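To start, the structure under review is shown below, and the notes come after it.
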Amino acid sequence: MANLPAALWCLLALAVSLLPAPAAAECDCSEDAAGRDKARALRLKVVAIFCILAGGAAGAAAPALGRRVPALRPGTGLFRAFKAFAGGVILATGLVHILPAAFDALGSPCLAATGPWGRFPFAGMVAMLAAIATLVVDTVATGYFRRTVARKAAAVVDEPLAEPGRCGDGDLEEAANGHHGHAHGMSVLAPAPPAADDDLVRHRVISQVLELGVVVHSLIIGMSLGASDFPSTVRPLVPALTFHQLFEGIGLGGCIVQARFRLKSVVAMALFFSVTTPAGVAVGIAISSVYDETSPTALIVQGLLEAAAAGILVYMVLVDILAEEFMSARVQSRARLQLALNASLLLGAGLMSILAIWA
């Protein structure tokens with residue numbers, strides 16, 4: 001029994017080696033010069049940089065309106081519907097946009113003579129491993145931060161009360177409330193409710209891991225757009241990627257708002273997301289003269305990164321965004337709210353799936 005895993009691996013390797021390899025002659029990996037117009041494509045790519053930047057920034061900033069509009073604050077029905085819509089957008093991004101692109105890249109006939117890429121569904125395996133790795137990071141990071149919060153709370157409780165005659169926490173509490181007594185001093189030192197701390201930790205981990213997956217994908221699609229010298233390819237991608245970044249920014253922004261970061265951290269995360277795709281476009285423009293999107297190296301790197309990003313996004317949306325909202329007690333007890341969330345989810349997924357026609 002101890003040798004069973006090794007035997008299974010041997011059988012798998014033998015089966016893979018016996019699969020017929022696609023004929024290299026069926027692939028035409030050379031670029032067609034017809035329709036190439038570098039100057040015109042460059043003008044479109046410059047327009048794309050500003051449009052995509054504006055779309056991403058608007059999407060990331062939209063959930064922050066809850067500070068001024070009470071109906072959009074976290075926990076309200078409208079915010080939950082808003083978040084379900086964004087979850088549908090990100091889910092469609094992972095399953096309809098990113099994962100098929102990874103399969104196309106790693107299953108390209110241009111890789112037939114380069115290793116076993118055409119003989120095994122590496123895109124699906126990498127997406128699966130990325131989802132598992134995200135689960136591990138999610139649980140380990142959440143456990144670490146929860147232990148850190150618990151230690152800090154215990155340290156605060158163990159601190160001695162302020163000495164008599166000094167302006168300590170108890171005196172501040174008494175001065176603010178106009179009352180006297182030791183009970184008010186203890187209320188200042190008491191830690192926040194554990195449930196509130198746990199929710200805050202979860203939202204902060206979720207927002208950071210989600211941004212990682214979104215940023216990886218955004219950088220790749222930006223570079224792909226910037227490296228193309230065909231106006232017919234770039235033109236439809238400008239509005240498609242603008243809406244793409246708008247919807248993804250809404251989903252990420254909602255998670256950032258719930259994490260209750262400091263203002264500097266919120267601005268930094270939103271800005272980092274907003275500039276990633278435009279930066280990718282700029283990098284693509286810089287390397288367009290030497291970049292060959294049909295080369296084996298480019299196909300392998302793009303396929304692996306796209307597959308990993310798809311696995312991260314699908315896990316984060318299903319486990320940390322949608323499941324949290326749909327399985328909450330408030331949603332489960334209200335049929336109308338359930339209906340609204342399901343409709344929002346389907347609307348977001350449907351609109352993002354339609355964009356795949358142009359993207």
Side-chain angles (χ1 to χ4, degrees), residues 29-60 93-94 96-108 110-111 123 126 211-249 252 270-310 312-313 352 355-359:
C29 297
S30 60
E31 293 186 359
D32 186 4
R36 183 191 297 271
D37 188 341
K38 192 170 184 177
R40 187 178 179 187
L42 179 60
R43 290 194 294 270
L44 290 173
K45 286 184 278 191
V46 172
V47 173
I49 290 177
F50 291 100
C51 291
I52 295 172
L53 178 63
T93 298
V96 180
H97 289 254
I98 308 180
L99 194 56
F103 274 102
D104 289 341
L106 296 180
S108 172
C110 300
L111 295 178
V126 172
E211 179 155 12
L212 173 63
V214 170
V215 162
V216 169
H217 169 58
S218 299
L219 183 62
I220 294 172
I221 61 176
M223 291 180 63
S224 299
L225 172 63
S228 177
D229 290 333
F230 295 87
S232 60
T233 300
V234 177
R235 189 183 300 106
L237 287 177
V238 176
L241 293 184
T242 299
F243 284 105
H244 182 281
Q245 292 300 102
L246 173 67
F247 293 150
E248 277 194 344
L252 180 61
L271 185 63
F272 187 54
F273 163 76
S274 302
V275 302
T276 300
T277 301
V281 176
V283 172
I285 293 173
I287 65 174
S288 60
S289 59
V290 296
Y291 177 77
D292 181 9
E293 62 182 6
T294 61
S295 68
T297 301
L299 289 170
I300 292 171
V301 172
Q302 177 183 346
L304 292 178
L305 290 178
E306 291 275 29
I312 293 172
L313 293 182
M352 198 64 191
L355 287 179
I357 299 175
W358 296 280

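Because the structure is predicted, anything quoted here is derived from the model rather than measured. The figures that follow rest on heavy atoms only: side chains count, while hydrogens, waters and symmetry mates do not.
- Considering all non-hydrogen atoms of both residues, P231 and A41 come closest at CG-N, 4.0 Å.
- Here the closest heavy-atom approach between residue A123 and residue L99 is recorded as O-CD1, 4.3 Å.
- Under the 4.5 Å side-chain criterion, counting only non-hydrogen atoms from C-beta, L106 is in contact with L304.
- Applying the side-chain contact (heavy atoms from CB on, under 4.5 Å) test between T276 and each of L271, V215, V281 identifies V215 as the sole match.
- Of all heavy-atom pairs between G280 and L219, the closest is CA-CD1, 3.8 Å.
- Listed here is the closest heavy atom pair of F273 and A60: CD2-CB, 4.2 Å.
- Counting only heavy atoms from C-beta outward, the side chains of L53 and Q245 never approach each other to under 4.5 Å.
- A donor-acceptor contact shorter than 3.5 Å is absent between the side chain of S108 and the backbone of D104.
- The distance from the CZ atom of F272 to the CD atom of E211 is 6.5 Å, given to the nearest 0.5 Å.
- Using a distance-only test at 3.5 Å, with no hydrogens or angles considered, no donor-acceptor pair links the side chain of H97 to the main chain of A310.
- The structure places CG of L241 at 4.5 Å from CD1 of I52, a figure rounded to the nearest 0.5 Å.
- For CZ of R235, the number of neighbouring non-hydrogen atoms (other residues, nucleotides, ligands) closer than 6.0 Å is greater than 12.
- More than 12 heavy-atom neighbours from other residues, nucleotides or ligands sit within 6.0 angstrom of CZ on F103.
- Shortest non-hydrogen contact noted between T277 and S218 is OG1-CB, 3.0 Å.
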Between C51 and V47, does a side chain to side chain contact (heavy atoms under 4.5 Å, CB included) hold up when you go through it step by step?
CA-CA 6 Å; C51 291; V47 173; 3.8 Å; yes
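- Expressed to the nearest 0.5 Å, how far OG1 of T93 lies from CE of M352 amounts to 3.5 Å.
- Between the CG atom of L305 and the CD1 atom of I300 there is a distance of 11.5 Å, given to the nearest 0.5 Å.
- Of all heavy-atom pairs spanning A102 and G303, the tightest one is CB-O, 3.5 Å.
- Using a 4.5 Å heavy-atom threshold, the side chains of K45 and V234 count as touching.
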